[in-house]
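Every number for a ligand or one of its atoms is a count from 1 in the order of the listing.
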Amino acid sequence: MDLEHLGEKVRNCNNCHLRKTCRGVVFGEGNPLSPIMFIGEAPGQNEDEQGRPFVGKAGQLLDKILSAAGLPRESIYITNIVKCRPPGNRTPTLAEMQICLPWLRRQFAFIRPHFIILLGATATQGILGQDYTIGKCHGQWFTRKGVQFMPTYHPAAILRNANLKKLIWEDFEKISSAVKLV
Ligand code: URA
């Protein structure tokens, strides 16, 4: 089994009801040898249509932030905690995240990144736990089983609130310096 085969398996997944309302499964993409993996919430409409993560407005903003931080999109691996678009772009439920998480764990086992960046509250709380609020823990590294996790703001939040720009940029400066050391 390799990452490509895992992708096929995930695309055929029917483990929860989200597959009934979305167009297709968005597995993830990028450099499978990257030391850094980004995890968002779930595909939105554009991602659902194109079968790729972060290709809408938030994704375009993320691409800009990534290149400014010296981490061009093609150098990283990017996916979501939930692989199917929830109807109307609602936030995935805890149950949906729990059903989908084994796929993310298997993806992780192939990529073995040193760093995982959690984009937004949903990915942060789904992975680190419900007590991890983004306002308090963004920009901090949390070590779990030798892997460094950093929550930061979701680019969609920056589009809604320009005041967050400075904060996300500070977080990305830390990310960029850590990755350069590897
Ligand atoms: N927001 C996410 O969290 N993931 C995507 O893939 C797109 C938008």
Side-chain angles (χ1 to χ4, degrees), residues 3 6-7 10-11 13 16 18-19 21-32 34 36-67 69 71-108 111 113 115-130 132-135 137-139 149-162 164-165 167-169 171-172 175:
L3 191 62
L6 178 66
V10 177
R11 280 185 272 275
C13 174
C16 84
L18 289 180
R19 187 65 190 91
T21 49
C22 72
R23 275 204 198 183
V25 178
V26 179
F27 177 60
E29 65 180 28
N31 177 5
S34 180
I36 185 164
M37 182 168 173
F38 286 76
I39 304 177
E41 177 175 312
Q45 187 179 351
N46 294 292
E47 290 77 18
D48 186 46
E49 282 166 10
Q50 297 181 42
R52 298 180 53 211
F54 285 95
V55 289
K57 273 198 180 147
Q60 286 159 20
L61 174 59
L62 180 64
D63 287 353
K64 282 191 196 152
I65 300 172
L66 285 169
S67 21
L71 299 164
R73 168 87 177 228
E74 58 280 8
S75 72
I76 59 128
Y77 192 87
I78 188 160
T79 187
N80 286 301
I81 189 164
V82 165
K83 314 292 193 219
C84 290
R85 181 190 183 209
N89 288 354
R90 66 162 168 76
T91 306
T93 64
L94 205 53
E96 288 160 353
M97 288 194 267
Q98 275 161 358
I99 292 170
C100 213
L101 259 176
W103 292 133
L104 184 63
R105 287 204 188 97
R106 290 177 71 176
Q107 242 168 335
F108 168 81
I111 298 161
F115 306 100
I116 295 189
I117 309 305
L118 302 166
L119 296 167
T122 307
T124 298
Q125 293 179 339
I127 288 176
L128 294 179
Q130 294 301 304
Y132 290 75
T133 55
I134 198 81
C137 67
H138 79 91
F149 290 76
M150 184 191 283
T152 191
Y153 288 97
H154 194 288
I158 317 295
L159 291 171
R160 288 191 298 266
N161 177 1
L164 298 176
K165 250 191 207 163
L167 300 180
I168 200 175
W169 184 242
D171 294 353
F172 268 80
I175 297 167

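- Under the 4.0 angstrom criterion for non-hydrogen atoms, H154 is in contact with ligand 1.
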ask   = Could you go step by step and tell me if L66 and F172 meet the side-chain contact (heavy atoms from CB on, under 4.5 Å) rule?
value = CA-CA 8 Å; L66 285 169; F172 268 80; 3.9 Å; yes

request  = Kindly indicate, with the supporting measurements, whether the criterion salt bridge (charged side-chain N to carboxylate O under 4.0 Å, His left out) is fulfilled by R90 and E96.
outcome  = CA-CA 12 Å; R90 66 162 168 76; E96 288 160 353; 2.7 Å; yes

request  = Please step through salt bridge (charged side-chain N to carboxylate O under 4.0 Å, His left out) for the pair R73 and E29, ending with a clear verdict.
outcome  = CA-CA 10 Å; R73 168 87 177 228; E29 65 180 28; 2.9 Å; yes

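- Close N/O approach between E47 and ligand 1 is not found [any backbone or side-chain N/O within under 3.5 Å].
- If you number the atoms of ligand 1 from 1 as listed, the ones under 4.0 Å from a heavy atom of P53 come out as 6 (O).
- Using a 4.0 angstrom heavy-atom cutoff, A42 counts as in contact with ligand 1.
- Numbered from 1 in the order shown, with element, the atoms of ligand 1 that lie under 4.0 Å from a heavy atom of G40 read 3 (O).
- Protein heavy atom in closest approach to atom 4 (N) of ligand 1: N80 OD1, 2.8 Å.
- For ligand 1, the polar-atom distance check against G44 finds no nitrogen or oxygen pair separated by under 3.5 Å.
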request  = Evaluate the side-chain contact (heavy atoms from CB on, under 4.5 Å) criterion for residues Y77 and N31: first the C-alpha distance (whole Å), next the side-chain angles of each, then the deciding distance (0.1 Å), finally the verdict.
outcome  = CA-CA 5 Å; Y77 192 87; N31 177 5; 5.8 Å; no

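- Checking side-chain atoms of E47 against main-chain N and O of V26 turns up no donor-acceptor pair under 3.5 Å.
- H154 and F54 have their aromatic ring centers within a separation under 6.0 angstrom.
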